[in-house]
Structures are given as structure tokens and as C-alpha cells.
Engineer: 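Before I ask anything, let me first share the structure, which is written out below as C-alpha cells.
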Amino acid sequence: MTHQLKERLSNFLVAIISILFVFHSSSAFESDEPPGAAERGWGGYTTFQRIAELESEGVLDVRTNVRIVGNFNRLSKQVENLKEENKTLQDSLTTIFSTSIPTLRRCIFQNITMKKTIDALGGSIKHESEHIINNEAILTECLKEYENSLTSLLKEKHSLPLRRDASPLGEHAGWYERSIGLRTVHRKIRDLEKENILDVRSHIRVKDNLNRVREQIIELKEEINSQIDHFNYPKEIAVCVRSAAEFAQIVSPDISMIHAQFMHCFHNPLLESKLPDRSHILFPFK
């Protein structure tokens, strides 16, 4: 009889605590509302410790003054924004390599022309040719249009931690955390797992899910930084073309030297591997 009474009392207390947690969390389910004492002090204590570490690191968009559910909402938005940034960057780079660079190259060599003259004075015929380099057009038209196409890629790299964190990524959540302490958070994680935006799993601890998302966001930022590195090649072309045109404008050397300088700007093995087939484009003096 005493055992049954204790069991009923235990079940009653569990039910009351569960109701309190559900009621307390439902009002702020999708907001940045500050956490209550129950969430911060009971089931979420160690999770808020991890959030504080992540906030200090600055890689994840999390806040210790925001409920755990609210932090997962912030992380979902951060991942979506990073994926969109990466896609936009990839699309822009594809356009640069497939369109902007070939257009610049064609424009340059269209402004390097040869003028032929025939002098028949005095009964003798002389053939003369003159190479004309329209440096002004190369600088103010070709290069200006090309540099304008690069402005969308003028981005700073994302800051990343010096070392990967050794925090666990998949320890199973206990009954108390799943059923009482962070019950609402685990419901949110199940929804996020179905949405497939964040790399989370409903059966593991909340703070381990934070660690998983941290790895996901670091990988996304590394990929974006890699795309930004690829942007160095189009920028180097602009610098090279400007130097070649200004050199030709000031010194006026032999046409073959000028042509070689312009051609050198586009002769990068890594760059050429990214460019489309150019066999249909005719370049004089090549």
C-alpha cells in the first residue's frame, strides 16, 4: 500500500512538473524571450553553460539571454542564410568565369587592331602596317564593365575557430531531459530533424545537438571562405589588365610585347580549367 502511494505521488509530481515546463515554454516557442528560472536552473543548466561558451566563441548566433528553443530558431535562420550566401556566391563565380572573363578578353583584343596602308608615290609600291591599341577603351570600357561585375563578390571571410572543438556530438539524452527538463526543446528538435535544415537528432542531448550544429556551421563557413578565395583569380586578372594597358599607354613598346602582356593575364592553369570552351572566339595576333 505504501509503495503504491509513493508511486502515485511520484507520478503526480512528474505530471505537475511536466505541465509547468510545457506551459512555461509554449508562450515563447518561436521568440527570443528570456529563459525562466526553471529552464535555466533545472534541466537546462548544462545546456546554458554550453550556450555561453558558444556565444563567447562567436561562431554560432546564440545568446544566453534567450530560451533554448529560441536559440535553435536563431540557428535555423543562420544556417539558411549561410546556405543562401554560399549559393549566391557560387552562382556569381560561375557567371564571372563563364561570361565576364571571356567578355573582357574579347573586348581587349577587339581594341588591338592593325591598319594597312599602300604608298604608290613615285612608281614604287610600299605596304605599311600600323598596330593601334585603344588603351582608353580598354581601361574605361572593357575593364570598367568587368570590375563592375566583380563588385558583388567583394566580401570578407567568415571568422573561424583556430581548432575544432572536441565536444561530444551524439550522447543519448536521458529520460529526465527528454521527458521533463527539456521536453519542449526536444519537441522542437524533432521538428527540426524533419525539416532537415539543422544537423540535429532527436535522440541525443540538447547540448550535443548544439555541438553538431556548430560543426555544420563551421563547414558552411569554410565552404564560403573557399569560394571567396577563388575570387582572387578574377581580381588578379583585373589588376594585370590594368597594368598592361597603362604600360602600353605610357611606353608604347612593340605590339608583340603588348599582346604578350595581355595574354599573360589570362594564362593561369587553374583559371583556364574553369573557363568554358573558347574555340569559337577569334583573337587576332594569338
Engineer: Nearest 0.5 Å, please: how far is CD in Gln49 from OH in Tyr45?
Structural biologist: 4.0 Å
Engineer: Evaluate the side-chain proximity of Val241 to Phe266: yes if any heavy-atom separation is below 4.5 Å, no if none is.
Structural biologist: yes
Engineer: Under a 3.5 Å distance rule, please check whether Arg205 uses its side chain to pair with a backbone N or O of Thr47 as donor and acceptor.
Structural biologist: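 Here the side-chain-to-backbone pair does not exist.
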Engineer: Give, for atom CD1 of Ile237 and atom CZ of Phe262, the distance between the pair rounded to the nearest 0.5 Å.
Structural biologist: 13.0 Å
Engineer: Could you report the tightest heavy-atom contact between Phe48 and Glu39, atom names first, then the distance?
Structural biologist: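 Looks like CE1-CG, 3.9 Å.
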Engineer: Assess whether side-chain contact (heavy atoms from CB on, under 4.5 Å) is satisfied between Glu246 and Leu139, documenting all intermediate values.
Structural biologist: CA-CA 8 Å; Glu246 290 176 348; Leu139 288 170; 4.3 Å; yes
Engineer: Evaluate Val66 against Val62 for side-chain contact (heavy atoms from CB on, under 4.5 Å), listing each step before the verdict.
Structural biologist: CA-CA 8 Å; Val66 173; Val62 291; over 6 Å; no
Engineer: Can you tell me if CD on Glu80 sees more than 12 non-hydrogen neighbours from other groups inside 6.0 Å?
Structural biologist: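 Counting other residues, nucleotides and ligands, CD of Glu80 exceeds 12 neighbours.
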Engineer: Yes or no on side-chain contact (heavy atoms from CB on, under 4.5 Å) for Ile180 and Trp175, after CA distance, side-chain angles and deciding distance?
Structural biologist: CA-CA 8 Å; Ile180 300 177; Trp175 174 85; 3.6 Å; yes
Engineer: Side-chain contact, heavy-atom cut-off 4.5 Å: Thr184 with Lys188?
Structural biologist: no
Engineer: Can you find a heavy atom in the side chain of Ile68 that is under 4.5 Å from one in the side chain of Pro35?
Structural biologist: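 Counting from C-beta outward, Ile68 and Pro35 never come under 4.5 Å.
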Engineer: Spell out, as yes or no, whether a donor-acceptor pair under 3.5 Å connects the side chain of Asn211 to the backbone of Leu169.
Structural biologist: no
Engineer: Just wondering, more than 12 heavy atoms not from Glu222 lying within 6.0 Å of its CD?
Structural biologist: yes
Engineer: Test Arg50 against Asp208 for salt bridge (charged side-chain N to carboxylate O under 4.0 Å, His left out), laying out the working first.
Structural biologist: CA-CA 9 Å; Arg50 183 57 180 152; Asp208 285 358; over 6 Å; no
Engineer: Taking Arg63's backbone N and O only, do any of them form a donor-acceptor pair with Glu55's side chain (distance below 3.5 Å, no angle check)?
Structural biologist: no
Engineer: Answer yes or no: is there a donor N or O on one side and an acceptor on the other, between the side chain of Gln78 and the main chain of Val59, under 3.5 Å?
Structural biologist: yes
Engineer: Drop me the distance from Ser226's OG to Gln90's CD, to the nearest 0.5 angstrom.
Structural biologist: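 Rounded to the nearest 0.5 Å, the OG-CD separation comes to 9.5 Å.
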Engineer: Are side-chain heavy atoms of Cys142 and Gln110 found at a separation under 4.5 Å?
Structural biologist: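 Not touching, per the 4.5 Å side-chain cut-off.
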Engineer: Test Leu210 against Phe72 for side-chain contact (heavy atoms from CB on, under 4.5 Å), laying out the working first.
Structural biologist: CA-CA 8 Å; Leu210 289 170; Phe72 274 100; 3.9 Å; yes
Engineer: Kindly compute the distance separating CG (Asp199) from CD (Glu193), expressed to the nearest 0.5 Å.
Structural biologist: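 Asp199 atom CG to Glu193 atom CD measures 9.5 Å (nearest 0.5 Å).
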Engineer: Pick one: which of Val200, Leu198, Ile204, Ile217 meets side-chain contact (heavy atoms from CB on, under 4.5 Å) with Arg212?
Structural biologist: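 Filter result, single survivor: Ile204.
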Engineer: Which atoms form the tightest heavy-atom contact between Ala52 and Thr64, and what is the distance?
Structural biologist: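 That closest heavy-atom pairing would be CA-CG2, 3.3 Å.
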Engineer: I need the Asp191 CG to Lys194 NZ distance, nearest 0.5 Å.
Structural biologist: 6.0 Å
Engineer: May I ask you to say whether Asp91 pairs ionically with Lys87, meaning some side-chain N is under 4.0 Å from a carboxylate O?
Structural biologist: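 Yes, Asp91 and Lys87 are salt-bridged.
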Engineer: Got a second to check how far Met263's CE is from Arg105's CZ, nearest 0.5 Å?
Structural biologist: 4.0 Å
Engineer: Is it the case that the side chain of Asn111 and the backbone of Asn135 share a donor-acceptor pair, with hydrogens and angles ignored and the cut-off at 3.5 Å?
Structural biologist: no
Engineer: Ignoring hydrogens, what is the shortest heavy-atom contact between Pro102 and Ile96? Give both atom names and the distance.
Structural biologist: CD-O, 4.3 Å
Engineer: Okay, side chain of Ser149, backbone of Tyr146: is any donor-acceptor separation there less than 3.5 Å?
Structural biologist: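 Looks like yes, one N/O pair under 3.5 Å.
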Engineer: Side chains of His158 and Glu85 only: does a donor on one sit below 3.5 Å from an acceptor on the other?
Structural biologist: yes
Engineer: Give the minimum heavy-atom separation between Cys240 and Gln261, together with the two atoms involved.
Structural biologist: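 In this case the closest contact between Cys240 and Gln261 is SG-O, 4.4 Å.
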Engineer: Which pair of heavy atoms, one from Ser202 and one from His186, lies closest together, and at what distance?
Structural biologist: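 Where Ser202 meets His186 most closely, the heavy atoms are O-ND1, 3.4 Å.
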Engineer: Specify the closest pair of heavy atoms between Asn65 and Arg40, including all atoms of both residues, with the distance to one decimal.
Structural biologist: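 Taking Asn65 first and Arg40 second, the nearest heavy atoms are CA-NH2, 4.2 Å.
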Engineer: Does Glu171 come within less than 4.0 Å of Lys207, counting only side-chain N to carboxylate O?
Structural biologist: no
Engineer: Would you check if the side chain of Asn148 reaches a backbone N or O of Lys144 as a donor-acceptor pair within less than 3.5 Å?
Structural biologist: yes
